[in-house]
Amino acid sequence: MTVEIKTVSDDETALAHPFVKCLAGLVRAEDRFGIWDKKPDAEMLADFIISKEKRKTIPILGDPDPDVLSRLEWFYAAVALQVEQRTGIMASPIMKMSHEGFGRMLVTAGRLVILNRYLRDVHRFGFPDFAKLAEEGARLADEAADWIFRYRDLALA
């Protein structure tokens, strides 16, 4: 059973998307000192957005900084949380990354790998706008949830 992905057209609609709300909640949960309490989601998630012009200024080769790695982990943690909310089965992201920005992201549920992504150029991780952020997050969560629906016994093992 796959959930249909709806296309998101503008930033306001995208910021109201369940995936983006989930991502914002995870980022806010990491705020130990309340710095982001009064910031709107758009401002708080602005670092996830990289315009074409900004992407061109980022070198092709480079080492990811800790902030980029944190955003990558938050993104896939939001995917896992969305899967858990849809299926009722806990999903966990696992990241293995080299210092050069190449690696792998797995999301598992029980003994089942529900998402397997090879990552490269992680220092350039981001989306052109909030709509693409919402669409990609929802697409990955749908794909991962579909594996659980197909192989529920492995996910419960």
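Heavy atoms only: backbone and side chains are in, while hydrogens, waters and symmetry mates are out.
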Problem - Results of side chain to side chain contact (heavy atoms under 4.5 Å, CB included) for R120 - residues two or more places apart only - result: F102
Practice task
Could I get the full list of salt bridge (charged side-chain N to carboxylate O under 4.0 Å, His left out) partners for R117, not counting sequence neighbours?
Solution key: E143
Completion exercise
Smallest heavy-atom separation, I89 atom then A109 atom, equals CG2-CB, 4.1 Å
Practice task
Side-chain contact test, heavy atoms from C-beta onward, threshold under 4.5 Å: evaluate it for V27 versus R71 and give yes or no.
Solution key: no
Problem - Nearest-0.5 Å distance, CH2 of residue W147 to CG of residue D142 - result: 14.5 Å
Handout entry: Pairwise distance CE(M97) to CG(L69) - rounded to 0.5 angstrom
Key = 6.5 Å
Fill in the blank from the handout: Residue set satisfying side chain to side chain contact (heavy atoms under 4.5 Å, CB included) with M90, at least two apart, ordered chain then number -> E84, S92
Exercise for the section: Could you go through the side chain to side chain contact (heavy atoms under 4.5 Å, CB included) check for V83 and V107 one step at a time? Expected result: CA-CA 10 Å; V83 169; V107 179; 5.8 Å; no
Exercise for the section: For W74, check ring pair (Phe, Tyr, Trp, His ring centres under 6.0 Å) against everything at least two apart and list the hits. Expected result: none
Problem - Nearest atoms (heavy-atom pairs only) where A80 meets P93 - result: CB-CD, 3.9 Å
Exercise for the section: Taking all non-hydrogen atoms of both residues into account, name the closest pair between V20 and A134 and its distance. Expected result: CG2-CB, 3.6 Å
Problem - Rounded distance [0.5 Å steps], CG in N116 versus CE in M105 - result: 11.0 Å
Problem - Spacing of T57 atom OG1 and I50 atom CD1 [to the nearest 0.5 Å] - result: 9.0 Å
Exercise for the section: Determine, using the 4.5 Å side-chain heavy-atom cutoff (strictly less than), whether L23 and I49 are members of one ILVMFWY cluster. Expected result: yes
Completion exercise
So CG of L140 and CD1 of I114: to nearest 0.5 Å the spacing works out to 10.5 Å
Completion exercise
One should read off an interatomic distance between L154 CG and T108 OG1, to the nearest 0.5 angstrom, of 12.0 Å
Problem - Cluster link I35 to F48, ILVMFWY, side chain under 4.5 Å - result: yes
Completion exercise
Note: with side-chain heavy atoms under 4.5 Å as the link, the other cluster members for L81 come out as L26
Practice task
Under the side chain to side chain donor-acceptor pair (under 3.5 Å) rule, collect the residues that match up with R28, sequence neighbours excluded.
Solution key: D41
Problem - Any residue meeting side chain to side chain donor-acceptor pair (under 3.5 Å) with E136, in chain and number order, not counting sequence neighbours - result: R139
Fill in the blank from the handout: Smallest heavy-atom separation, A144 atom then L115 atom, equals CB-CB, 4.4 Å
Problem - Sequence neighbours excluded - salt bridge (Lys or Arg N to Asp or Glu O under 4.0 Å) pairs with any residue from residues 90-109 - result: none
Problem - Where P64 and H99 come nearest, the two heavy atoms and their spacing - result: CD-O, 3.5 Å
Problem - Which residues share a side chain to side chain contact (heavy atoms under 4.5 Å, CB included) with A42, sequence neighbours left out - result: L15, F130
Problem - All ring pair (Phe, Tyr, Trp, His ring centres under 6.0 Å) counterparts of F125, not counting sequence neighbours - result: F75, F127
Practice task
Tell me, with the steps shown, if Y76 and L119 meet side chain to side chain contact (heavy atoms under 4.5 Å, CB included).
Solution key: CA-CA 12 Å; Y76 283 98; L119 305 171; 4.0 Å; yes
Problem - Those residues that, when tested against E12, pass side chain to side chain contact (heavy atoms under 4.5 Å, CB included) (two or more places apart) - result: D10
Problem - Pairs satisfying salt bridge (Lys or Arg N to Asp or Glu O under 4.0 Å), at least one member in residues 51-67, at least two apart - result: none
Problem - Considering all heavy atoms, the nearest A138-R86 contact - result: O-NH1, 4.1 Å
